[in-house]
Novice: 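Supplied in structure tokens, the structure appears directly below.
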Number of protein chains: 2
Amino acid sequence: MRLSKRGEYGLRAMIILAHAYKESPDTMVQIREISEQDKIPGKYLEQILLALKNAGMLQSRMGIGGGYYLARQPQDISLGQIVRVLDGPLAPIRCVSQMAYEACGCPDERTCGLRMVMGDVRNAIADILDNTSLENVIERMDIARAQLEN
Amino acid sequence: MRLSKRGEYGLRAMIILAHAYKESPDTMVQIREISEQDKIPGKYLEQILLALKNAGMLQSRMGIGGGYYLARQPQDISLGQIVRVLDGPLAPIRCVSQMAYEACGCPDERTCGLRMVMGDVRNAIADILDNTSLENVIERMDIARAQLEN
DNA sequence: ATAAAGTCTATTGATTCACTTGACTATTTA
DNA sequence: TAAATAGTCAAGTGAATCAATAGACTTTAT
């Protein structure tokens, strides 16, 4: 049940970009900055951000003063979308996936116990990830930081 | 977020074994039978059942009339236990794992947004898998089968 | 003794993961 | 306008993991 490094790096990068967006929506952030801040190999991060851009979640500008920025507002980008782009379906097994259904070998899907439980798991994961936006993440971080100051 | 074939095969096998247990607790089921019923490569299944036996969930007898059977009652074996034995921790990232915690590189775990969300995901998965026993699975299958007969 | 079962260890081939390399393109500014 | 900066794109690589396979060995019942 694991999130890949690719997925993890992508999520961390998007959180940084969301943070920059909150300060000013047109802030450009360079790969290099994110890479240093989160200790992510730069060239690897490059591919990840590109994938996110091709999926329509990021925009970028080349050249001096260029960089990446969110294509939509942080409240309109869910962690579920990010993970699906970088790591594929959320479902533990494909016969229970919404985005990439595939039959498993069981005699009857309607009475397959494993499928029922894994369906529940998929829904639990999707409920969290699809209903958590980058905005929500930033909020939670701010609250945690504020509480630490006491 | 995927369950490996190993995990899937193991769960399917345990469900069959639980079913046999319900008919009579001392029923022996051979690897071969499970392998044919669920279309699992026999030699692979062998390793999986052995791992489950070494984890104390199964018992076995060699020789003619031998086979595998549950070491505990179906209501005392959770899917969570099975998955952990075969696939390792349920947590999407290790800094949020109960059974295999490991620090990630983030500056402060207490204010890491990703960690908070992934903690929620871990708990959601564990809540389902740790609170679903083999007995529960059998019940759901029976109910589904009964409903199909109308 | 023999056949039927599980046990144990090792190996394999394919795939995936986590990068790395390097050449190319667009944009700014001196 | 050329030099510097930043993203784009395609390919390759080494290690690890996955999903099996192979084969010798042990235990048990008849």
Side-chain angles (χ1 to χ4, degrees), chain A residues 1-13 17 20 26-36 38-71 83 86-89 92-94 104-105, chain B residues 1-13 17 20 26-36 38-55 57-71 83 85-89 92-94 104-105:
Chain A
M1 303 308 227
R2 205 144 104 253
L3 182 71
S4 70
K5 282 290 175 193
R6 183 176 155 90
E8 182 188 331
Y9 292 162
L11 286 166
R12 289 193 194 283
L17 289 168
D26 54 358
T27 315
M28 298 276 177
V29 186
Q30 291 117 5
I31 293 177
R32 153 81 70 97
E33 292 181 65
I34 300 173
S35 147
E36 278 169 7
D38 273 352
K39 294 174 201 148
I40 302 171
K43 275 301 212 173
Y44 192 31
L45 182 57
E46 193 183 289
Q47 294 174 25
I48 294 168
L49 295 184
L50 204 48
L52 259 6
K53 182 189 176 181
N54 291 334
M57 291 177 208
L58 288 180
Q59 289 196 297
S60 62
R61 213 169 59 216
M62 283 180 166
I64 293 172
Y68 277 97
Y69 55 101
L70 298 189
V83 172
L86 298 175
D87 269 19
I93 50 181
R94 288 212 279 299
C104 55
Chain B
M1 302 308 226
R2 204 145 104 254
L3 182 71
S4 70
K5 283 290 175 192
R6 183 176 155 90
E8 182 188 331
Y9 292 162
L11 286 167
R12 289 193 194 284
L17 260 353
D26 54 357
T27 314
M28 299 276 178
V29 186
Q30 291 115 6
I31 293 176
R32 153 83 70 97
E33 292 181 65
I34 300 173
S35 147
E36 278 170 5
D38 273 352
K39 295 174 201 149
I40 301 172
K43 275 300 212 173
Y44 193 30
L45 183 57
E46 192 183 290
Q47 295 174 27
I48 294 167
L49 295 185
L50 204 48
L52 259 5
K53 183 189 174 180
N54 292 334
M57 291 177 210
L58 289 180
Q59 289 196 296
S60 62
R61 212 168 60 215
M62 284 179 164
I64 292 173
Y68 277 96
Y69 56 101
L70 297 188
V83 172
V85 166
L86 298 175
D87 269 19
I93 50 183
R94 289 213 277 299
C104 56

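Chain identifiers are assigned alphabetically (A, B, ...) following the order of the sequence lines, protein sequences preceding nucleic acid strands; residue numbering begins at 1 within each chain.
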Novice: Provide, to the nearest angstrom, the distance between the CG atom belonging to B:Asp87 and the P atom belonging to D:dC18.
Specialist: 7 Å
Novice: Looking at every strand, decide which applies to B:Lys5 at a 4.0 Å heavy-atom threshold: base, sugar-phosphate, or nothing.
Specialist: sugar-phosphate
Novice: What's the closest nucleotide to the A:Pro41 side chain, out of C:dT20, D:dT21, C:dA5?
Specialist: C:dT20
Novice: Which atoms form the tightest heavy-atom contact between A:Glu33 and A:Met28, and what is the distance?
Specialist: OE2-O, 4.2 Å
Novice: Out of C:dG6, C:dT25, D:dA19, which nucleotide sits closest to the side chain of B:Ser4?
Specialist: D:dA19
Novice: With no angle test and no hydrogens, is the base of C:dC19 tied to the side chain of A:Glu46 by a donor-acceptor pair under 3.5 Å?
Specialist: no
Novice: Starting at CG of A:Leu58 and ending at P of D:dA6, how long is that distance when rounded to a whole Å?
Specialist: 18 Å
Novice: Quickly work out the A:Met62 CE to C:dT25 P distance and round it to whole Å.
Specialist: 10 Å
Novice: What nucleotide among D:dT8, D:dT28, D:dA20 has an atom nearest to a side-chain atom of B:Tyr44?
Specialist: D:dA20
Novice: Using a heavy-atom cut-off of under 4.0 Å over every strand shown, decide if B:Arg6 touches base, sugar-phosphate, or nothing.
Specialist: sugar-phosphate
Novice: Looking at D:dA29, D:dG7, C:dA5, which one has an atom nearest to any side-chain atom of B:Gln30?
Specialist: C:dA5
Novice: How long is the line joining CD1 of A:Ile40 and P of C:dT20, in whole Å?
Specialist: 13 Å
Novice: What does B:Arg61 touch in the nucleic acid at a heavy-atom separation under 4.0 angstrom: a base, only the sugar-phosphate, or nothing?
Specialist: sugar-phosphate
Novice: Tell me the interatomic distance from B:Arg32, atom CZ, to C:dG6, atom C1', rounded to whole angstroms.
Specialist: 13 Å
Novice: Please state how far atom CG in A:Leu45 lies from atom C1' in D:dT8, giving the value in whole angstrom units.
Specialist: 14 Å
Novice: Please lay out, stage by stage, how B:Ile48 and B:Arg6 fare under the test side chain to side chain contact (heavy atoms under 4.5 Å, CB included).
Specialist: CA-CA 7 Å; B:Ile48 294 167; B:Arg6 183 176 155 90; 4.1 Å; yes
Novice: For DNA chain C, whose closest nucleotide is more 5', that of A:Leu3 or that of A:Lys43?
Specialist: A:Leu3
Novice: Go through C:dC8, C:dT29, D:dG7 for me and flag the one nearest to the B:Leu50 side chain.
Specialist: C:dC8
Novice: Under the criterion side chain to side chain contact (heavy atoms under 4.5 Å, CB included), I'd like the reasoning laid out for A:Asp26 against A:Tyr69: C-alpha separation, chi angles, the key distance, then a yes or no.
Specialist: CA-CA 7 Å; A:Asp26 54 358; A:Tyr69 55 101; over 6 Å; no
Novice: Per the atom types in the model, does the base of C:dT20 pair as donor or acceptor with the side chain of A:Gln47 at under 3.5 Å?
Specialist: yes
Novice: I need the minimum non-hydrogen distance between A:Ser35 and A:Pro41, along with the two atoms involved.
Specialist: OG-C, 4.4 Å
Novice: OP1 or OP2 of D:dA6 sitting under 4.0 Å from any side-chain N/O of A:Ser60?
Specialist: no
Novice: With side chain to side chain contact (heavy atoms under 4.5 Å, CB included) as the criterion, how do A:Leu11 and A:Leu3 come out once you've worked through the C-alpha distance, each side chain's angles and the decisive distance to 0.1 Å?
Specialist: CA-CA 10 Å; A:Leu11 286 166; A:Leu3 182 71; 3.9 Å; yes
Novice: What integer distance in Å separates A:Leu49:CG from D:dA6:C1'?
Specialist: 13 Å
Novice: So A:Lys43 and A:Gln47, side chain to side chain contact (heavy atoms under 4.5 Å, CB included) or not? Walk me through it.
Specialist: CA-CA 7 Å; A:Lys43 275 301 212 173; A:Gln47 294 174 25; 5.9 Å; no
Novice: Can you tell me how far P of C:dA18 sits from CD1 of A:Ile48, to the nearest Å?
Specialist: 9 Å
Novice: Which is true for B:Ile31 with a 4.0 Å heavy-atom rule: it touches a base, it touches only sugar-phosphate, or it touches nothing?
Specialist: sugar-phosphate
Novice: Would one find a side-chain N or O of B:Tyr9 under 4.0 angstrom from OP1 or OP2 of D:dA19?
Specialist: no
